[in-house]
Amino acid sequence: MSTAEVLASVDIVTLRLSPHSQRLEVLLSPREREPYKGQWALPGVIVNGSSADNNLDAAACRALSEKAKVRPRHLEQVGTEGNASRDPRGWTLSTYYLALLDPAVVVEDPQIAFFDLQRVLDNEPPLPFDHRLLVERAHERLVAKAVYTNLPLYLAPERFTVLDALAAAQACLGQPVNNTSMRKRLERMKREGWVQDTGEKNQPRLGRPQQLYRHTPQGSGAFMFDRSLLAGG
């Protein structure tokens, strides 16, 4: 790369709630070329004058469809990292996004896999460039917004119970969430059209039937609450 060039990319931190462990997982794919060929990394694409993308959001969608091969429920730009040391080729910029998936999403490409988020944050496996930092920053964004917005519901099943919503919120926040607080949130969202009562119930093996809801966002923004979801909020 010429000393006059700056390499720009769009990278995606794609998260889902594991249907087995109820823990957050991040999607990774092995790099196809040097540097760090074969190493697990965030899905991403290069953006430059020859790219067909009209803007960064379009490039993010291309990265998701071509590299991650998934369609997110929620996608938002988190930030940009750039310096002369994050890539051995020289000065690079990465605009990175947070994408949230339905927990039922399955990737059939053997070159794509989900890894436990906490293990990735603990550098297992080690990621190239500053991708671990990008994962950390995107996770911090999710944690901050999970306290005051509907973002955890993008990680819940398509038809979910209060317990499913609690599991998604607790996975995002890393701590217990009060059942009553979650019920109040769902009731408020239902009044605003952001949650629908399906009229159906889920019958667990043990216990009482549970009401099934559907998340129905009204627009691309987040539903904002004026109180924290955490104790004392």
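It should be emphasised that the depicted structure is a prediction, and the values quoted were computed from it without experimental measurement.
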Stepwise side chain to side chain donor-acceptor pair (under 3.5 Å) check, T161 with N202
CA-CA 8 Å; T161 66; N202 177 39; 5.6 Å; no

Worked check of salt bridge (Lys or Arg N to Asp or Glu O under 4.0 Å) between K190 and E187
CA-CA 5 Å; K190 190 164 68 170; E187 286 301 316; 3.5 Å; yes

Evaluate side-chain contact (heavy atoms from CB on, under 4.5 Å) for L42 paired with L28, printing each intermediate quantity in order.
CA-CA 5 Å; L42 294 175; L28 303 175; 3.9 Å; yes

CA sep, side-chain torsions, deciding dist, call: D53, V10, side-chain contact (heavy atoms from CB on, under 4.5 Å)
CA-CA 11 Å; D53 317 301; V10 169; over 6 Å; no

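Interatomic distance, Q77 CD to I12 CD1, rounded to the nearest 0.5 Å: 9.5 Å. Of the inter-residue distances, the one linking R132 atom CZ with E124 atom CD reads 12.0 Å to the nearest 0.5 angstrom. In this structure, CD on Q210 lies 8.0 Å from CG on L212, to the nearest 0.5 angstrom. We find the OG1-CG distance between T92 and D130 to be 7.0 Å, quoted to the nearest 0.5 Å. Distance check, rounded to the nearest 0.5 Å: CG of N179 to CG of L163 gives 6.5 Å. Note that CG of L27 is 12.5 Å distant from CG of L117, once rounded to the nearest 0.5 Å.
When hydrophobic clusters are built by joining Ile, Leu, Val, Met, Phe, Trp and Tyr residues whose side-chain heavy atoms come closer than 4.5 Å, directly or via intermediates, V105 is not grouped with L155. Each of V135 and F129 belongs to its own hydrophobic cluster when Ile, Leu, Val, Met, Phe, Trp and Tyr are linked at side-chain heavy-atom distances under 4.5 angstrom. Under a hydrophobic-cluster definition in which Ile, Leu, Val, Met, Phe, Trp and Tyr are linked whenever side-chain heavy atoms come within less than 4.5 Å, directly or via other members, L98 and L24 are assigned to the same cluster. Y154 and V70 are members of different hydrophobic clusters when ILVMFWY side chains are connected at heavy-atom separations under 4.5 Å. If you chain together hydrophobic residues whose side chains sit under 4.5 Å apart, I112 and F115 never meet in one group.
Looking only at distances, a side-chain donor or acceptor of E34 sits under 3.5 Å from a matching main-chain atom of Y36. Of the possible polar contacts, one joining the R73 side chain to the A156 backbone as a donor-acceptor pair under 3.5 Å is found. Checked by atom type and distance alone, the side chain of D109 pairs as donor or acceptor with a backbone atom of Q111 at under 3.5 Å. No donor-acceptor pair closer than 3.5 Å links the side chain of H131 to the backbone N or O of A41. Distance alone, capped at 3.5 Å, is enough to place a donor-acceptor pair between the D197 side chain and the G199 backbone.
Residues L151 and H74 have side chains in contact (heavy-atom distance under 4.5 Å, counting atoms from C-beta outward). Put simply, the side chain of R185 does not reach to within 4.5 Å of the side chain of F223, judged on heavy atoms. Taking 4.5 Å as the limit, every side-chain heavy atom of P152 sits out of range of all side-chain heavy atoms of L173. R141 has its side chain out of reach of V13: every pair of non-hydrogen atoms, C-beta onward, lies at least 4.5 Å apart. Proximity of P72 to L64: side-chain heavy atoms (C-beta onward) are separated by under 4.5 Å at one or more points. No side-chain heavy atom of V26 sits less than 4.5 Å from a side-chain heavy atom of L121. A heavy-atom distance below 4.5 Å is found between the side chains of D87 and P35. Residues L127 and L134 are not in side-chain contact: their nearest non-hydrogen atoms beyond the backbone lie 4.5 Å or more apart.
Judged as a side-chain hydrogen bond (donor to acceptor under 3.5 Å, both in side chains), the pairs with a partner in residues 215-226 (not counting sequence neighbours) are, in order, N150-H215. Applying the side-chain hydrogen bond (donor to acceptor under 3.5 Å, both in side chains) test to residues at least two apart or on different chains, the pairs with a partner in residues 20-32 are R16-E25, S18-S21, R23-D116.
Here the shortest heavy-atom pairing between G221 and W194 reads O-CH2, 3.3 Å. P209 approaches K201 most closely through the heavy-atom pair CB-CD, 4.0 Å. Here the shortest heavy-atom pairing between A68 and V107 reads O-CG1, 4.3 Å. Of all heavy-atom pairs spanning Y148 and S228, the tightest one is CE2-N, 3.5 Å. The shortest heavy-atom contact between L229 and A146 is CD2-O, 4.1 Å. Heavy-atom minimum distance, P43 versus K67: CB-CB, 3.8 Å.
Checked against ring pair (Phe, Tyr, Trp, His ring centres under 6.0 Å), Y96 has no partners two or more places apart in sequence or in another chain.
Using a 3.5 Å distance cut-off with no hydrogens or angles, the side chains of T198 and R214 do not pair a donor with an acceptor.
Within 6.0 Å of the CZ atom in R183, the count of heavy atoms belonging to other residues, nucleotides or ligands does not exceed 12.
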